Amino acid sequence: MNRHTTRRTGAVLCALALSTTMVACSNESDGGNGDAAGGSTASGADRGPITFAMGRNDTDKIIPIIDKWNAEHADEQVTLKELAGEADDQRDTLVQSLQAGNADYDVMALDVVWTADFAANQWLEPLEGDLAVDTSGLLQSTVDSATYNGTLYALPQNTNGQLLFRNTDLAKDKPDTFEDIKSACKAIEKDCLTTQLKQYEGLTVNTLGFINGWGGEVLDASGEPAVESPEAKAGLQALVDAYKDKTISPASTAATEEETNLAFTGGDTAFAINWPYMYTNAEEAGLNFEVQPLVGEKGVGVSTLGGYNNGINVNSEHKATARDFIEFVINEDNQMSFAEASFPPVLSKIYDDKELIDKYPYLPALKESLENAKPRPVSPFYPAISKAVQDNAYAALTSGKSVDDATRDMAAAIKQAQ
């Protein structure tokens, strides 16, 4: 959820100012990312003032962009509607309005895991035809998170990916595979690897990292459960084994992102999996450390993707303006402002900016993480899928449930929810 994918991001890339909390542009015809088809061909009736809804924790990043848009579009002003800070409360507010067929919110900043749900309920206007937007410059994983049944239903706004942090005083060599971490742990007297295995969304995220990192999937291409494949079982078994042999710290089953942050910045664990926000904290703690993408069975691992996707309300009366505004958000200047505010941008070229890399050397690692990242299962039933993953992974970690039984029950719960 955005609680650990967007809000925490801000703290991080602060240092970089891209650490990652994700101006302006030109004119109405060039909303932001090139010459994609759109507003200029839509009818005048589709243009006018719009509202933009977003959780209040991250609105400080979008307000300067709204101000720039409004300075250039006197007749198409954007009004910010701040939603609650907690992701579940944000979703409830949007769903109530959409179920009633209201147009209270023309554009909605959606947690990436909501996009398929909202699309399946026909609450989002597909971004095709006159509303199409060029996504060729965006990180492909972010585009995938906004796509449902082959159709783009939202435009990625900002993103986030996990990193592997290593205390170089405790673990000198960079690991290339997860087996390298296990080998390094044999010489480490403190906790080796700390991550989030408490029974909440963080456990789903990290379980998916192991399943995907060993070549498995939770859902197959047709949307059916795939957790009983040999690859998915191997990933979950690797997680369970690493916890059992204490490669993964025993404290991890009580850890959220913040406990992980405290353990790493306090020098109590050699490795940690966390979001980029921890980079600044580790610097401020005076640690000698390095970051890299996650590692899996055979090489670079698979991070779960975080962030927001901007969707257009199917009931909006000013869809052409809405389309141009969400495109405006992803132009180079605005995406650079996200980087400078610690909000990981979705525009790929930002991560190649030499001046930023000189300031924030971890940017290439974050880009590689994002390029290899996967969205959480794209399904209108995601909450039930997440619960199935959490319940059974936690039982396998803490109660001796076999991986065969855990994946069987996981698949059954997912199937029942669909």
Side-chain angles (χ1 to χ4, degrees), residues 112-113 116 140-141 144-145 147 161-164 175-183 185 193 195-197 201-245 247-248 252 271 273 292-306 368-379 381-382 384-418:
V112 290
V113 300
Q140 186 57 46
S141 58
D144 293 343
S145 78
T147 301
Q162 294 167 299
L163 294 171
L164 176 65
D176 294 321
T177 66
F178 192 73
E179 190 61 38
D180 291 341
I181 293 181
K182 298 190 74 169
S183 297
C185 289
L193 171 63
T195 190
Q196 306 84 48
L197 300 181
E201 183 66 13
L203 174 57
T204 300
V205 166
N206 285 285
T207 301
L208 293 179
F210 275 82
I211 289 176
N212 295 152
W214 269 250
E217 300 285 352
V218 173
L219 301 180
D220 65 19
S222 65
E224 292 299 310
V227 291
E228 293 185 277
S229 72
E231 295 82 5
K233 286 184 178 181
L236 182 56
Q237 189 68 62
L239 174 62
V240 172
D241 289 346
Y243 181 74
K244 185 176 180 180
D245 68 19
T247 296
I248 294 177
S252 293
F271 296 91
I273 294 172
Q292 65 183 87
L294 303 188
V295 291
E297 181 185 23
K298 298 177 180 178
V300 175
V302 181
S303 168
T304 294
L305 203 68
E368 188 176 3
S369 175
L370 293 168
E371 288 175 336
N372 287 278
K374 286 190 176 184
R376 279 162 280 183
V378 179
S379 168
F381 310 104
Y382 177 77
I385 293 172
S386 179
K387 186 176 188 306
V389 172
Q390 288 178 40
D391 289 349
N392 289 286
Y394 195 77
L397 287 164
T398 65
S399 302
K401 189 171 189 176
S402 72
V403 166
D404 283 344
D405 288 346
T407 53
R408 182 197 65 221
D409 292 348
M410 199 183 292
I414 294 171
K415 187 68 176 176
Q416 185 176 11
Q418 293 177 326

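These numbers come from a predicted model, not from an experiment.
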* Decide side-chain hydrogen bond (donor to acceptor under 3.5 Å, both in side chains) for S229 and E217; before the verdict, give the C-alpha distance in whole Å, the side-chain angles of both, and the deciding distance to 0.1 Å. => CA-CA 8 Å; S229 72; E217 300 285 352; over 6 Å; no
* **Listed once per pair and sorted, the salt bridge (Lys or Arg N to Asp or Glu O under 4.0 Å) pairs that draw on residues 384-400, sequence neighbours left out** => K387-D391
* Structure fact -> Note: I273 and T195 closest approach over all heavy atoms is CB-OG1, 3.5 Å
* Which pair of heavy atoms, one from G301 and one from N372, lies closest together, and at what distance? -> O-CB, 3.8 Å
* Asked: Any side-chain heavy-atom pair from T147 and P375 closer than 4.5 angstrom?
  -> no
* When rounded to the nearest 0.5 angstrom, what is the spacing between CG in D241 and CZ in F210? -> 10.0 Å
* Just how far is it from atom OG of S141 to atom NZ of K374, taken to the nearest 0.5 Å? -> 11.5 Å
* Side chains of L164 and P175: closer than 4.5 Å at any heavy-atom pair? -> yes
* Asked: When rounded to the nearest 0.5 angstrom, what distance separates CD in Q140 from CG in L370?
  -> 13.0 Å
* Kindly indicate whether the side chain of I414, heavy atoms from C-beta on, has any atom under 4.5 Å from the side chain of L219. => yes
* **Non-hydrogen side-chain atoms of E297 and E179 separated by less than 4.5 Å** => no
* Asked: Atom CD in Q416, atom CG in D409: separation rounded to 0.5 Å?
  -> 11.0 Å
* **Worked verdict on V295 versus D180 for side chain to side chain contact (heavy atoms under 4.5 Å, CB included)** => CA-CA 9 Å; V295 291; D180 291 341; over 6 Å; no
* To do: Search all heavy atoms of E228 against all heavy atoms of K233 and return the closest pair with its distance.
  => O-CE, 3.5 Å
* How far does CG of L239 sit from CG of L203, to the nearest 0.5 angstrom? -> 7.5 Å
* To do: Look only at the side chain of S369 and the backbone of L163, and say whether a donor-acceptor pair between them is shorter than 3.5 Å.
  => no
* Structure fact -> Across all chains, not counting sequence neighbours, the side-chain contact (heavy atoms from CB on, under 4.5 Å) partners of A406 are L236, N392, A396, K401
* Identify the two heavy atoms, one from T304 and one from Q162, that lie closest to each other, and give their separation to 0.1 Å. => N-OE1, 3.5 Å
* Structure fact -> Correct closest heavy-atom pair for V112 and L305 would be CG2-O, 3.8 Å
* To do: Taking atom types as modelled, find out whether D245 and T247 have a side-chain donor-acceptor pair closer than 3.5 angstrom.
  => yes
* Mind listing the closest non-hydrogen atom pair of L193 and F178 along with its distance? => CD2-CE1, 3.9 Å
* To do: Kindly write out the residues that satisfy side-chain contact (heavy atoms from CB on, under 4.5 Å) with E224, not counting sequence neighbours, or none if the list is empty.
  => D220, S222, K415, Q418
* Gap between atom CD of E368 and atom CG of L294 - 0.5 Å precision -> 10.5 Å
* Asked: Are any non-hydrogen side-chain atoms of P225 and M410 less than 4.5 angstrom apart?
  -> no
